[in-house]
Amino acid sequence: MSGLLHRAIWWAEDYVYAALWQLRAFGDRNRPETYREGVGVPLVVLPGIYESWRFMRPLIEHAHRDGHPVHVVEPLERNLSPISEMADRVGAYLAEHDLHDVVLLAHSKGGLAGKLVMLGPEGSRVRGMLAVATPFGGSRYARLMLTRSLRALSPRDPSIAALAAQRDADARIVSVYACFDPHIPEGSELPGAKNVRLDTGGHFRVLAHPRVMAELAVLAA
C-alpha cells in the first residue's frame, strides 16, 4: 500500500473516531465527580481545543479502573481561551484542591497549557505530563484557520514561540504522537522530553492507542 493511501485511510479513520466521540460526549450525562475516587497518583485531564473532558473518556476510564483519581477542570470548558488563561485555571484548581504529585493527562492544545502549568507557580505540584498529539512547536496549518483560537497555534504566535523557548519542564514530559498527524505536520517531538512516535496516523484516534495507556501507567506508577 502506498504512503499516500495509508495517510488517506488514517485521515478518514481519525475523523470517524473524532465524530464518534464528540457524539458520545454530547449525549454523556456522567458527572466528573464520578472519577475522583481512587488511591493512586492523581490525574488532571486537559483536553484539546473544541473538546470537552468527555472526549477523553477512553483514557479517563482506563486510568480510573487502575485506581487513579481523575480530576476534570470544568472551567476549561472547550478550551477556546489562550493557553495562559487555561494554565491559570488549572493552577488554581490544583491549589484549591491541594493536589500534589499530579500527572497531567493532555491532548493537543491541552499539552501546551499543561507545560505552562509546570513552569508556573503551581508547577511543584506536578510530577509530570503525558501529552498526546501536542503541537509543542505549533502547526503551520493554524495560520490558515478562521478563528483566533486556532490561529494562536501557529509557530509564529508569540505564545507558542515563548513556550517553546522554555525548557525547564521538558524532562518531565512524555510526548506521544503519530508518525502522521493531519493537524500537526511538524509532529510533536519535544527536545529533552521522552518522545514516543507511534507507527500509525491520526490526531484524535491515538488517544485510544495501547501505547498511550502503557506510557500513562509508567508515568503514574
How close do [X] and [Y] get, heavy atom to heavy atom, and via which atoms?
{"X": "S188", "Y": "P135", "value": "OG-N, 4.3 Å"}
{"X": "P185", "Y": "R140", "value": "CB-NH2, 3.5 Å"}
{"X": "R205", "Y": "G201", "value": "NH1-O, 2.6 Å"}
{"X": "A178", "Y": "G202", "value": "CB-O, 3.4 Å"}
{"X": "I160", "Y": "F136", "value": "CG2-O, 4.2 Å"}
{"X": "H68", "Y": "A220", "value": "CE1-O, 3.3 Å"}

Residues in salt bridge (Lys or Arg N to Asp or Glu O under 4.0 Å) contact with R156, at least two apart in sequence or another chain: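 Counting only residues at least two positions away or on another chain, R156 forms no salt bridge (Lys or Arg N to Asp or Glu O under 4.0 Å).
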
Quick one: list whatever passes salt bridge (Lys or Arg N to Asp or Glu O under 4.0 Å) with E77, sequence neighbours left out.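 Here no residue qualifies.
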
For [X], look at atom [atom1] and say whether over 12 heavy atoms of other residues, nucleotides or ligands are found less than 6.0 Å away.
{"X": "E186", "atom1": "CD", "value": "yes"}
{"X": "D168", "atom1": "CG", "value": "no"}
{"X": "D98", "atom1": "CG", "value": "yes"}

Any side-chain heavy-atom pair from [X] and [Y] closer than 4.5 angstrom?
{"X": "R36", "Y": "V70", "answer": "no"}
{"X": "R211", "Y": "V196", "answer": "yes"}
{"X": "H62", "Y": "R65", "answer": "yes"}
{"X": "C179", "Y": "R197", "answer": "yes"}
{"X": "L99", "Y": "V44", "answer": "yes"}
{"X": "R78", "Y": "S52", "answer": "yes"}
{"X": "H100", "Y": "R125", "answer": "yes"}
{"X": "V117", "Y": "M86", "answer": "no"}

Using a 4.5 Å cut-off between side-chain heavy atoms of Ile, Leu, Val, Met, Phe, Trp and Tyr, which other residues end up in the same hydrophobic cluster as V218?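 Reading the cluster by chain and number, V218 sits alone, since nothing else belongs.
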
Spacing of [X] atom [atom1] and [Y] atom [atom2] [to the nearest 0.5 Å]:
{"X": "L150", "Y": "S139", "atom1": "CG", "atom2": "OG", "result": "9.5 Å"}
{"X": "L130", "Y": "L59", "atom1": "CG", "atom2": "CG", "result": "7.5 Å"}
{"X": "T147", "Y": "I49", "atom1": "OG1", "atom2": "CD1", "result": "6.0 Å"}
{"X": "D14", "Y": "R7", "atom1": "CG", "atom2": "CZ", "result": "13.0 Å"}
{"X": "R172", "Y": "M129", "atom1": "CZ", "atom2": "CE", "result": "9.5 Å"}
{"X": "Q166", "Y": "L116", "atom1": "CD", "atom2": "CG", "result": "7.0 Å"}

Check E96 with R89, please: is the shortest side-chain N to carboxylate O separation under 4.0 Å?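 Looking at E96 together with R89, the answer is no, because their closest N to O distance does not fall below 4.0 Å.
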
Is it true that E51 and K109 make a salt bridge, defined as a side-chain N closer than 4.0 Å to a carboxylate O?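 So E51 does not pair with K109 through a salt bridge.
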
Do S108 and H203 have side-chain N/O donor and acceptor atoms under 3.5 Å apart?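 Indeed, the side chains of S108 and H203 share at least one donor-acceptor pair under 3.5 Å.
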
Does [X] belong to the same Ile/Leu/Val/Met/Phe/Trp/Tyr cluster as [Y], with side-chain heavy atoms less than 4.5 Å apart forming each link?
{"X": "L76", "Y": "V132", "result": "no"}
{"X": "V45", "Y": "V212", "result": "yes"}
{"X": "W53", "Y": "L112", "result": "no"}
{"X": "M145", "Y": "L80", "result": "yes"}
{"X": "M118", "Y": "V41", "result": "no"}

I need the single residue from T134, I184, N195 that forms a side chain to side chain contact (heavy atoms under 4.5 Å, CB included) with Y177. Which is it?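 In the set T134, I184, N195, the residue that makes a side chain to side chain contact (heavy atoms under 4.5 Å, CB included) with Y177 is N195.
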
Checking side chain to side chain contact (heavy atoms under 4.5 Å, CB included) between V126 and each of L119, L94, V103, which is the one that passes?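 That would be L94.
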
Residues two or more places apart in sequence or in another chain: which of them pass side-chain hydrogen bond (donor to acceptor under 3.5 Å, both in side chains) with S159?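 Counting only residues at least two positions away or on another chain, S159 forms a side-chain hydrogen bond (donor to acceptor under 3.5 Å, both in side chains) with D157.
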
What residues, two or more places apart in sequence or in another chain, satisfy ring pair (Phe, Tyr, Trp, His ring centres under 6.0 Å) together with Y93?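 By the ring pair (Phe, Tyr, Trp, His ring centres under 6.0 Å) rule, Y93 matches H71, H97.
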
Taking ring pair (Phe, Tyr, Trp, His ring centres under 6.0 Å) as the definition, give me every residue that meets it alongside Y15, ordered by chain and number, with sequence neighbours left out.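 W11, H183.
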
Has [X] got a side-chain atom pairing as donor or acceptor with [Y]'s backbone, closer than 3.5 angstrom?
{"X": "K115", "Y": "L163", "value": "yes"}
{"X": "N79", "Y": "Y50", "value": "no"}
{"X": "H64", "Y": "E37", "value": "yes"}
{"X": "R127", "Y": "L219", "value": "yes"}

From CA spacing to verdict: side chain to side chain contact (heavy atoms under 4.5 Å, CB included), L216, L43: CA-CA 10 Å; L216 178 60; L43 309 180; 4.3 Å; yes

Relative to each other, are the rings of F204 and F55 parallel, tilted or perpendicular (30° and 60° limits)?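 Rings of F204 and F55: perpendicular, over 60°.
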
Do L46 and L105 pass the side chain to side chain contact (heavy atoms under 4.5 Å, CB included) test, and can you show the C-alpha distance, the side-chain angles, and the key distance before you say yes or no? CA-CA 6 Å; L46 307 179; L105 180 54; over 6 Å; no

